[in-house]
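Data block below; observations after.
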Amino acid sequence: MDQFNNVDLEFANFEDYVEFEFSDFEDEEQQTVPENPPRRNTYNTDSDSDSDCEDDFQTVPFLHYFRLFRLIFHCSIQSFHFGLEEQSNVKTDTSAFEARNGKDIQGIPWEKLNYSRDEYRETRLKQYKNYECLTRSREDLDKECLEVEKGNSFYDFQFNTRLVKSTIAHFQLRNLLWATSKHDVYLMQNYSVMHWSSLLQRGKEVLNVAKPVIPTLKHCGLAHPVSRVQISTMAVKENLMVAGGFHGELLCKNLNHSGVAFCSKITTDDSAITNAVDVFRNPSGSLRVIAANNDSQVRVFDAENFASLGCFKYDWSVNNASVSPDGKLLAVLGDSTEGLIADANTGKVTGNLKGHLDYSFSSAWHPNGQILATGNQDTTCRLWDIRNLSESIAVLKGRMGAIRSLKFTSDGKFLAMAEPADFVHIFDSHSGYVQSQEIDIFGEIAGLSFSPDTEALFVGVADRTYGSLLEFTRKHYYQYLDSMI
């Protein structure tokens, strides 16, 4: 994964760093850098492509400085494109009823703009530049991808709220939202983990990491206080909330208990971002926590006492690691075109995944444990049959960006695939993934999650003004019952 030093992750403080409005950029070359600029971010800029954020400018020295901030603050649609100030008396939520009557599901007032939604979408598709780590020929990639029918409707829009909004600490990491029921969602917002109740339509802070966090677990030598953690990834399963930090932190909180049971900096390498975390049960039923870091290591902990159970070393930074439903296999993805399948107990490599053209950042296991989905910066998701890894069984293509988040429903019926911005795709696995629904929005996508009962899909949008939480509900067809009415 590319390195950069995150100055701050709070969207609300954007003006503290940039002393001008985006709408002022009529002539980019005449702009100057503000006096005493903040410490700039550093990351790999060897690629000819710009970033996951769309790009409207020509490359000039000042704009290079400006783009570094855009990677953190993710191109606020309101400030940059619409130039409209949100009024305090504007209703922030959008219901399904309002959407059916013509209101934009994100509350964007297209009727007040000089261009239509379709015109803006067309422009954005043309100008968006996908972030790449490796510049390789991709002429044959489209030939591998399935021809997919996109006009399906598996999940209907239900509700959108701007009372809670996701934020993103690293532009390549987008697993920052988890649903534990069709009414309960957890998401990262600035230095807090928020709980949103779709039933009560109310948000509540459940974890604040801006202040010092003291672990409550006694007699754990690994536990140490942490403070001002920039959460880079998270997972919520089995009543356990696990969060990874920008400087190698790991925090674990039992949702039924007050305080944080375990927290520590699990690596001494300052650049070792915790890129992914997962909660799983091993074959004997014991609960485990796994963390993948930028120091090329995957660490396993006992979820009861947080004792270290293993540390697996690989040849490249590990951007994502996930465990199969039976707890036996470990998918390891990172700064390599190849992925790995390893033994979850020992970390020993048992198989290779060859086919992607860039680095991978997301994965998801089908509930049957036989199919693995991997998301890559080459803008594709590949599906692998664990019983035969000689080649991927299918390749799914995004619209404009890397595949940064993947989730299967618990019944295996649907696979959701999120790009860095604007598009979420839902594929019907029973059709061989050739039937899909495309959710078309505007803004950076911080994460997505199905509810455990498959009835709801939540999408977190990270944007300074239009940041929000979108809720969709599964559509059912009751032909037999309908025929009786």
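- A pairwise comparison of heavy atoms in Ala292 and Ala321 identifies CB-CB, 3.9 Å as the closest pair.
- Using a 4.0 Å cut-off between a side-chain N of Lys or Arg and a carboxylate O of Asp or Glu, Asp411 and Arg474 qualify as a salt bridge.
- For the side-chain contact (heavy atoms from CB on, under 4.5 Å) criterion with Phe423, the lone passing option out of Ile441, Ile439, Leu125 is Leu125.
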Apply the test side-chain hydrogen bond (donor to acceptor under 3.5 Å, both in side chains) to residues Asp269 and Thr267: give CA-CA distance (whole Å), side-chain angles for both, the deciding distance (0.1 Å), then the verdict.
CA-CA 5 Å; Asp269 189 340; Thr267 172; 5.5 Å; no
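- With rounding to the nearest 0.5 angstrom, the CZ atom of Arg399 is 4.5 Å from the CD atom of Glu438.
- Under a cut-off of 6.0 angstrom, the local environment of NZ in Lys348 is sparse, with at most 12 non-hydrogen atoms contributed by other residues, nucleotides or ligands.
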From CA spacing to verdict: side-chain contact (heavy atoms from CB on, under 4.5 Å), Leu141, Leu357:
CA-CA 9 Å; Leu141 190 58; Leu357 302 179; 4.3 Å; yes
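- Between Asp463 and Lys165, none of the side-chain N atoms (NZ, or NE/NH1/NH2) sits under 4.0 Å from a carboxylate O, so this pair counts as no salt bridge.
- With hydrogens and angles disregarded, a donor-acceptor distance shorter than 3.5 Å links the side chain of Glu419 to the backbone of Gly401.
- In this structure a side-chain-to-backbone donor-acceptor pair under 3.5 Å is present from Ser324 to Leu329.
- Panel note: side chain Trp316, backbone Ser296; no donor-acceptor pair is recorded below 3.5 Å.
- Aromatic ring centres of Phe414 and Tyr155 lie closer together than 6.0 Å.
- With Ser360 contributing its side chain and Asn319 its backbone, the two residues share no donor-acceptor pair below 3.5 Å.
- The closest donor-acceptor contact from the side chain of Thr123 to the backbone of Glu119 lies under 3.5 Å.
- Salt-bridge annotation for Asp104 and Arg117: present, with a side-chain N of the basic residue lying under 4.0 Å from a carboxylate O of the acidic one.
- Between the side chain of Ser405 and the backbone N or O of Ala418 there is no donor-acceptor pair closer than 3.5 Å.
- Checking side-chain atoms of Gln437 against main-chain N and O of Phe154 turns up a donor-acceptor pair under 3.5 Å.
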Report the C-alpha distance between Ser322 and Ser363 in whole Å, list the side-chain angles of each, state the deciding distance to 0.1 Å, and finish with yes or no for side-chain hydrogen bond (donor to acceptor under 3.5 Å, both in side chains).
CA-CA 7 Å; Ser322 60; Ser363 65; 2.7 Å; yes
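- Under the 4.0 Å criterion applied to side-chain N and carboxylate O atoms, Glu391 and Lys354 are not assigned as salt-bridge partners.
- Note on Lys413 versus Asp428: salt bridge recorded, some NZ/NE/NH1/NH2 to OD/OE distance being below 4.0 Å.
- A 4.5 Å side-chain heavy-atom check between His170 and Ile273 finds at least one atom pair inside the cut-off.
- Looking at Arg281 and Glu238, a side-chain N of the basic residue comes within less than 4.0 Å of a carboxylate O on the acidic one, giving a salt bridge.
- Using a 4.5 Å heavy-atom cutoff, the side chains of Ile386 and Trp365 are in contact.
- Electrostatic pairing of Asp93 and Arg162 does not count as a salt bridge here, judged by no charged N lying under 4.0 Å from a carboxylate O.
- Proximity of Met417 to Val424: side-chain heavy atoms (C-beta onward) are nowhere separated by under 4.5 Å.
- When Asn294, Asn175, Thr233 are each tested for a side chain to side chain donor-acceptor pair (under 3.5 Å) with Asn275, only one passes: Asn294.
- Both cation-pi conditions hold for Arg121 and Phe442: the charged atom is under 6.0 angstrom from the six-membered ring centre and inside a 45 degree cone around its axis.
- Residues Asn130 and Glu132 form a side-chain contact, since some pair of their non-hydrogen atoms from C-beta on lies under 4.5 Å apart.
- By the 30° and 60° cut-offs, the orientation of the rings of Tyr120 relative to Trp110 is tilted.
- In this structure, Asn320 contributes its side chain and Val332 its backbone to no donor-acceptor pair below 3.5 Å.
- Side chain of Ser232 to main chain of Thr274: a donor-acceptor pair is present (N/O by atom type, distance under 3.5 Å, no hydrogens or angles).
- In the displayed structure, Asp315 atom CG is contacted under 6.0 Å by at most 12 heavy atoms of other residues, nucleotides or ligands.
- A search for side-chain contact (heavy atoms from CB on, under 4.5 Å) contacts involving Val323 returns Asp278, Phe280, Ile290, Leu330, Ala344, not counting sequence neighbours.
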Evaluate Asp184 against Trp196 for side-chain contact (heavy atoms from CB on, under 4.5 Å), listing each step before the verdict.
CA-CA 6 Å; Asp184 299 283; Trp196 171 258; over 6 Å; no
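- A cation-pi arrangement, defined by a distance under 6.0 Å to the six-membered ring centre and an angle within 45 degrees of its axis, is present between Lys407 and Trp178.
- A salt bridge between Lys182 and Glu471 is absent, with no side-chain N of the basic residue lying under 4.0 Å from a carboxylate O of the acidic one.
- Thr350 places a side-chain N or O within 3.5 Å of a backbone atom of Ile341 that can act as its donor or acceptor partner.
- Within the structure, every pair that satisfies the ring pair (Phe, Tyr, Trp, His ring centres under 6.0 Å) test and touches residues 385-409, not counting sequence neighbours, is listed here: His366-Phe408.
- By the 4.5 Å heavy-atom criterion applied to side chains, Leu457 and Ile426 are counted as neighbours.
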